[in-house]
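Counting from 1, the numbers follow the sequence of the chain as shown. These numbers come from the heavy atoms of this one structure, side chains and all, not from hydrogens, waters or symmetry mates.
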Amino acid sequence: HWSYNNAGFSVAGYVIERVTGKPFEEAMRELVLEPIGLERCFFDAGDVMTYRFAVGHNASPDGARVARPWPLVRSAYPAGGLTCGAQDLLRYARFHLGAAEDGSPLLSPGSLAAMQSPQVRVWGDEAWGLSWAVAQVGGTRQVRHGGGTKGQVTLLTLVPEHDFALVVLTNADQGGHVTDDVRRWALKEYLNLEDPRPLPLETPEGELAQYAGRYQGYYTDAELGMLAGKLIGQIIYKRAFPSEEVAPAPAPPPLSLGLCEQDRLLVLDGQFKGATAEVIRQADGAIGWLRQSGRLHARET
């Protein structure tokens, strides 16, 4: 079963260091950033602060607060330590659409195609390629990847068939609502592609009750239970981000869930409204995992 895992990127970064004999940041700059023409992409916060930049925020009912500490630990650089602006991100999109700045591709057309082709099925027509999420929207292939770190959420979307790219940058940990709204609007406005939102189904209480339980992940646990005929969920943060030196975030308010299709839960209210979570069953049909934000959470037995 597929589960998104930042550790794989950190291992890949270490392999790059061993093969090149150079620090990851230096290897990336020489092999990727400079050849593509990405002039303002930085790993070190000291480099970022010499330019205008938008600081990240954590949103809460009491208002927005600046997210501190902001830099990631160096071992996480391959997973999400690169900071850039919209212009460079669009240059990166152009590269993945097959048009390098100097006309000489760093990757063969076959390698670019393999990255953007389904390698493992996730759900329905949603799949993952090599570091890209791949899906069909209105019968047209969409390729995308988000970036979510301390108080900042980003989305890069490609529609190769139309040579189309979209970049959305936000500076709040709840920015995913904005990036998704803009993506759906842009697909409709520019390409006439509809990506309908999932809708809740009328579901008997007994059917919802089967999903009650505690699901354990690395950073978070999810606890689901029935209350007044509704399926209620509580997310519990267990570890800090970006390092263990930071206290885990307080638990958000409880939220209610329904089904939008068989074994796919839909958040009906609260700050995660509209998010989905997949229920993964074992070979015998018993519920084994809940996939939340792309990551598997094992059900307690």
Are any side-chain N or O atoms of [X] and backbone N or O atoms of [Y], one a donor and one an acceptor, separated by less than 3.5 Å?
X      : Y      : value
Arg94  : Ala165 : no
Asn58  : Arg65  : no
Lys273 : Leu255 : no
Ser293 : Arg295 : no
Asp88  : Glu39  : yes
Arg299 : Ala212 : yes

Task: Candidates Lys188, Gln142, Arg184, Glu194 - the one meeting side chain to side chain contact (heavy atoms under 4.5 Å, CB included) with Val137 - done: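 That would be Gln142; it is the only one of Lys188, Gln142, Arg184, Glu194 passing the side chain to side chain contact (heavy atoms under 4.5 Å, CB included) with Val137.
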
Mark yes when over 12 heavy atoms from residues, nucleotides or ligands other than [X] sit less than 6.0 Å from its [atom1]; otherwise mark no.
X      : atom1 : answer
Glu189 : CD    : yes
Phe53  : CZ    : yes
Lys230 : NZ    : no
Tyr14  : OH    : no
Met49  : CE    : no

Do [X] and [Y] sit in the same hydrophobic cluster, where Ile, Leu, Val, Met, Phe, Trp and Tyr count as joined when their side-chain heavy atoms come under 4.5 Å apart?
X      : Y      : value
Leu266 : Val279 : no
Val55  : Val153 : no
Val143 : Leu156 : yes
Leu208 : Leu268 : no

- [ ] Please state whether the rings of His145 and Phe9 are parallel, tilted or perpendicular, taking 30° and 60° as the class boundaries.
- [x]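 Judged by the thresholds at 30° and 60°, the geometry between His145 and Phe9 is perpendicular.
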
- [ ] Please work out which of the three classes, parallel, tilted or perpendicular, describes the rings of Trp2 and Trp128, given edges at 30° and 60°.
- [x]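 Parallel.
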
Reported [atom1]-to-[atom2] distance for the pair [X] and [Y], which is rounded to 0.5 angstrom:
X      : Y      : atom1 : atom2 : answer
Ile236 : Gln216 : CD1   : CD    : 9.5 Å
Glu26  : Leu33  : CD    : CG    : 12.0 Å
Glu261 : Glu278 : CD    : CD    : 8.5 Å
Arg91  : Arg40  : CZ    : CZ    : 10.0 Å
His177 : Gln271 : NE2   : CD    : 7.0 Å
Gln116 : Leu158 : CD    : CG    : 6.0 Å

Open item on the list: Assess whether a salt bridge exists between Glu223 and Arg214, defined as any Lys/Arg side-chain N lying under 4.0 Å from an Asp/Glu carboxylate O.
Closed with: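 Judged by the 4.0 Å cut-off on N to carboxylate O distance, Glu223 and Arg214 do form a salt bridge.
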
Task: Asp263/Arg291 ion pair, N-O < 4.0 Å - done: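 The answer is no: the pair does not qualify as a salt bridge.
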
Open item on the list: Testing Arg141, Arg121, Arg264, Arg144 one by one against Glu126 for a salt bridge (Lys or Arg N to Asp or Glu O under 4.0 Å), which residue passes?
Closed with: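 So the option named by the test is Arg264.
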
TODO: Tell me, with the steps shown, if Leu290 and Ile280 meet side chain to side chain contact (heavy atoms under 4.5 Å, CB included).
DONE: CA-CA 6 Å; Leu290 182 72; Ile280 312 297; over 6 Å; no

- [ ] Report yes if some heavy atom in the side chain of Glu30 is under 4.5 Å from a heavy atom in the side chain of Pro35; otherwise report no.
- [x]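 Not touching, per the 4.5 Å side-chain cut-off.
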
Open item on the list: What I'd like to find out is whether the side chain of Trp70 reaches to under 4.5 Å of the side chain of Thr83, using heavy atoms alone.
Closed with: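 They are in contact (side-chain heavy atoms under 4.5 Å apart), so the answer is yes.
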
Task: Aromatic ring proximity Phe43/Tyr77, centre distance under 6.0 Å - done: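 Yes, the ring centres sit under 6.0 Å apart.
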
Open item on the list: Assess, by modelled atom type and distance only, whether the side chains of His297 and Thr220 contain a donor and an acceptor separated by less than 3.5 Å.
Closed with: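 Indeed, the side chains of His297 and Thr220 share at least one donor-acceptor pair under 3.5 Å.
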
